Amino acid sequence: MNTKVMSSDVSSATEAVFTQAKPQSVPLPTVTELWNQQSPYNRRTLSTGIVHFGPGRFFRGHLARIIHRYLAQKRFQDQRWGICGVSLKSRRTIATLQPQNYLYTLIERYCSTENHESAEVIGSINQIVNGAEEYDYVLELMASPSVHLVTLTVTQAGYCLDSRFNLDTAHDAIAHDLNNPAAPTTAIGFIVEALRRRRDRGIAPFTTLSCDNLPRNGEILQRAVLTYAGLIDPKLAAYLRVNATFPNTVVDRIVPQAHDSDDGYPRQLLQVLDRTPIITEPFWQFVVEDKFKGDRPAWEETGVIMTDDITPYLYMKSRFLNAMHSFIACLAVRVGIEYVHEAVRLPEFHWFSQLLMDDIAVATPVPYQMCEPYRDQVLIRFSNEALPDTIERISAETARKIGKYIVPIVQDAHAQNVNLRRLMLPIAAWILTVREGAESGRPYQANDKPSVMSAIQAGAALSQIIGLEPCECTEILDQECDRTLQEIQNDGLLATLKRYCEEHYETISAA
Ligand code: CS2
């Protein structure tokens, strides 16, 4: 492979770090030693302006890196945006990152039509604390005037929502926090208590930014916060309704699970020892609704998209990327394929994916010119063999992802008179695999709720399996799913995909 170690474009000091080479006999430096030799900014003078809940792999590959680039670019001007991570559940992140002073290597890898490989040490995280043990420290930090942003990547489960994306007030952790508001255990509990302390001390609220894959994540978060605050103190809820902001965001970057071989890249590319590097793709996107009341980093200077309306970006990301990911995973489990890049390289998958994206494009109210560049990149991103991303990761919680990403497409497609059979075929393949196992004979361990598994085993219709509330297309959705399921059972999946593609291209050439 033609390995290319590319530098960040932020400072020549950083560049020097990247190109440094050490003879083999010299022991490799730690990330801290390397940072001390050639730091792109001074971490000692970095104040904490952001408190982040959920400092997991996606955060380290996305927001922490965006802030790092910003700090490196502004090295002597704006050093207010160091991050304090708050771990509410896992102690593992703290255990691995603390000995490295919260520094870690970020590796970007791409290999398909061209090769790209780059590495840099990320310094934007000042500390990570255990929220369960140090809740008062976290609350006081959140209440301090120097903190302007509270950000979250806690996954959908971390918001404690019901099936309609409203706060589940019967959730055990929420019930606990409502009874102990000054000693919270959930992100919602922390946010409300910290905002209450700020109000009582005459400090303006921070802006709260959800960076999770939820449809209109800011609105969902705002609703949850206001519901919770209303149960504690209706006046606080009324105050927050007017004074606190929760911009919607769209986040995008593929960050696969850790692999055993990951530690090799920091050694190879930066000649450094790192126990916990993050390997990701070169692509990233962060779209943020521009409705901040207080200070924020001028991060549009480093590529963040600030907009009045995230809607088109949300459509593009959730449909062309997340739904396509789920479509491919549903098909891949049937054939017993392990990685996303292997799946999209199969001709049947490749061509069928193009047809699915045509259907999505017709169903999606975003102008063609805007969708096209994003859409064109999706299969290229998926075919990245330098970033093995498992079908197991993507196919986790498929039933929930069908409801969240695919059903809205099907509803819009139905309204546009698009034939639904292509959109239903992958779902039928997934149902059949859970019911019967993969065509290849490889066992498939679905990672979904037991109730989903038993509904599938009992032969339930799709709408029951995913708990779809009755809508205009429930019946046709179930019918098309059954029909395509029969086709796969009769002919096998690859032959069915091939036939669908041939039929389509024959129709085009006949026209
Ligand atoms: C994936 C996402 O889990 C999934 O379904 O589609 O994790 C995807 O990798 C990210 O949203 C990329 O931004």
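Being a predicted model, the structure only gives us computed values, none of them experimental. Whatever order the structure lists ligands and atoms in, that order sets their numbers, starting from 1.
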Stepwise salt bridge (charged side-chain N to carboxylate O under 4.0 Å, His left out) check, E436 with R334: CA-CA 9 Å; E436 296 177 348; R334 182 72 183 153; 3.3 Å; yes
Ring-face cation contact, Y500 with R422, 6.0 Å cut, 45° max: no
Within reach of ligand 1, part of K401 (heavy-atom separation under 4.0 Å): side chain
Is the shortest N/O to N/O distance between S326 and ligand 1 below 3.5 Å? no
For the residue pair W284 and H62, does the interplanar ring angle fall in the parallel (under 30°), tilted (30 to 60°) or perpendicular (over 60°) class? perpendicular
Residue, atom and distance of the protein heavy atom nearest atom 6 (O) of ligand 1 read H325 ND1, 2.7 Å
With heavy-atom distances below 4.0 Å as the criterion, list the atoms of ligand 1 near R253. 12 (C), 13 (O)
Has ligand 1 got any nitrogen or oxygen that is less than 3.5 angstrom from a nitrogen or oxygen of N213? yes
Within the 4.0 Å heavy-atom cut-off, what L321 brings close to ligand 1 is side chain
Is E281 reaching over with its side chain to a backbone N or O of L387, donor-acceptor style, under 3.5 angstrom? no
Distance-only side-chain donor-acceptor flag, Q156 / D212, under 3.5 Å: no
Considering only protein heavy atoms, which is closest to atom 2 (C) of ligand 1, and at what distance to one decimal place? N322 ND2, 3.5 Å
Donor-acceptor pair between N166 and R223 side chains, under 3.5 angstrom: yes
D252 N/O to ligand 1 N/O under 3.5 Å: yes
Among all protein heavy atoms in this structure, tell me which lies nearest to atom 7 (O) of ligand 1, with the distance rounded to 0.1 Å. R393 NH1, 2.9 Å
Under a 3.5 Å cutoff, is there a donor and acceptor pairing between the side chains of T364 and D412? no
At the 4.0 Å heavy-atom cut-off, does K317 count as touching ligand 1? yes
